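Both backbone and side-chain heavy atoms feed into the values below; hydrogens, waters and symmetry mates do not. Per chain, numbering begins at 1; letters A, B, ... match sequence-line order. Everything quoted here is computed from the prediction, not taken from an experiment.
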There are 2 protein chains.
Amino acid sequence: MTTETLNIRQMCDAFDVTPRTLRFYEAKELLSPVREGQKRLFTKRDRARLKLILRGKRFGFSLEEIRQLLDLYHMNDGQEAQLSKTYVLAEKHLADMEAQKAELEEAIGELKEQMAWGAEKLAQLAKKKTAAA
Amino acid sequence: MTTETLNIRQMCDAFDVTPRTLRFYEAKELLSPVREGQKRLFTKRDRARLKLILRGKRFGFSLEEIRQLLDLYHMNDGQEAQLSKTYVLAEKHLADMEAQKAELEEAIGELKEQMAWGAEKLAQLAKKKTAAA
DNA sequence: AGGAAAGTTGACGCATACGTAAACGTAACG
DNA sequence: CGTTACGTTTACGTATGCGTCAACTTTCCT
């Protein structure tokens with residue numbers, strides 16, 4: 001394996017982000033790339049986390065929320081207390097996302113209605129034009 | 001009808017936002033309440049728009065994006081050029097939302113997997129505890 | 001008339017999420 | 001050995017989305 005880890009530029013290209021963003025995420029403890037000298041090397045784990053971070057962002061979560069949620073995907077056999085706390089957080093998160101999904105479906109439905117109305121209007125205008133020709 | 005329009009406080013209570021927020025949205029031309037003297041009165045139209053604004057925010061759209069999208073719900077028989085431009089925007093928006101929905105479904109699936117794993121771990125810990133007792 | 005209640009317009013403040021420029025390290029290439 | 005490329009830290013700058021006074025007006029109550 002030649003691509004066990006990625007340097008910062010490869011990472012940026014792979015995820016379409018800037019170096020600044022990756023360093024920022026590291027500062028916020030969302031990522032923890034290893035160092036080769038002073039250079040960052042991003043592991044498979046970092047890549048998985050970044051994917052989740054970007055996804056979280058698209059769903060409107062703040063970086064701080066995301067930081068906490070990242071643990072959900074790395075439940076590492078800790079204490080029962082910690083694990084169950086994480087699990088509860090996950091339940092909330094799940095409920096959140098399912099609510100968002102429901103709302104999204106409603107919004108899609110409404111938008112489609114509006115578009116049908118608009119399409120009809122456009123069709124009428126097109127007809128008038130044809131008739132006038 | 002006594003509730004044809006709402007004053008700012010009623011509007012805030014109805015949508016759980018602050019006066020500052022409503023004034024801010026007006027400044028950004030997302031809302032355009034009528035005036036009674038210098039006081040704002042929010043019409044049915046404003047209420048519909050605010051609902052869409054808040055929804056848009058939950059889906060991670062910026063206020064500026066939302067401002068443009070609001071026209072989608074008020075396609076007011078304008079010029080064909082304008083109307084068709086709005087329609088195109090709507091198509092993009094729709095594609096956006098459906099993509100988001102797909103991603104959301106994927107995310108929900110993954111999270112559920114993680115939770116199943118976590119639940120199992122917790123069950124094992126519970127068993128050990130019972131056995132030890 | 002006097003004062004609280006509700007609303008208004010500035011104007012500055014602040015957290016989030018980076019952008020951007022400066023100054024420096026280091027490693028390879030010709 | 002210079003310089004080009006790539007990366008680093010430090011630090012200040014910036015857009016977004018409001019929060020939070022301050023200073024007034026308007027209205028309604030007593």
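By the 6.0 Å contact criterion, CG on A:Asp16 is open, its count of non-hydrogen atoms from other residues, nucleotides or ligands being 12 or less.
In the model, B:Gln68 has a side-chain atom that pairs as donor or acceptor with a side-chain atom of B:Glu64 under 3.5 Å.
Distances shown here put a side-chain N or O of B:Tyr25 below 4.0 Å from the OP1 or OP2 atom of D:dC18. Contact between the side-chain N/O atoms of A:Thr21 and the OP1/OP2 oxygens of C:dG19 is found at a separation under 4.0 Å. Look at B:Asn7 and you won't find any side-chain N or O under 4.0 angstrom from OP1 or OP2 of C:dA6. Note on A:Arg20: every side-chain N or O is 4.0 Å or more away from OP1 and OP2 of C:dT20.
Atom CD1 in A:Ile53 sits roughly 16 Å away from atom P in C:dT16 (whole-Å rounding). B:Glu26 places its CD atom 14 Å from the P atom of C:dG7, with the value rounded to the nearest Å. We find that CZ of B:Phe24 is positioned 14 Å from C1' of C:dA11, with the value rounded to whole Å. Remark: P of C:dA6 and CE of B:Met11 are 19 Å apart, rounded to the nearest angstrom. Protein atom CG of B:Leu31 is 14 Å distant from nucleotide atom P of D:dG17, rounded to whole Å. With rounding to whole Å, A:Leu54 atom CG is found 13 Å from C:dA17 atom P. Rounded to an integer number of Å, the gap from A:Leu30 CG to C:dA17 C1' is 11 Å. Distance CD (B:Glu64) to P (D:dT14): 20 Å, rounded to an integer number of Å.
Checked for salt-bridge contact, A:Asp13 and A:Arg9 meet the test: a charged N lies under 4.0 Å from a carboxylate O.
Results of the salt bridge (charged side-chain N to carboxylate O under 4.0 Å, His left out) test with A:Glu26 over A:Arg35, A:Arg49, A:Arg67 single out A:Arg35 as the only residue that passes.
For B:Lys57, the side-chain atoms get nearest to D:dG17 when compared with the rest of D:dT8, D:dG17, C:dT8. In this structure, the nucleotide among D:dG7, C:dG7, D:dG17 sitting nearest to the side chain of B:Lys39 is C:dG7. Out of D:dG17, C:dT8, D:dT8, the shortest distance to the side chain of A:Ile8 is found at D:dT8. Of the listed nucleotides (D:dT9, C:dT8, C:dC18), C:dT8 has the atom at the smallest distance from the side chain of B:Arg35.
Each of B:Phe61 and B:Gln38 has a nearest nucleotide on DNA chain D; the 5'-most of these lies closest to B:Phe61. A residue-by-residue look at B:Thr18 and B:Lys28 shows that B:Lys28 has its nearest nucleotide of DNA chain D further toward the 5' end.
Residue A:Glu103 holds its CD atom at 14.0 Å from CD of A:Glu98, rounded to the nearest 0.5 Å.
As judged by a 4.0 angstrom heavy-atom cut-off over every strand, B:Arg40 is placed among residues touching the sugar-phosphate backbone only. Looking at heavy-atom distances under 4.0 Å, A:Arg9 makes contact with sugar-phosphate atoms alone, never a base.
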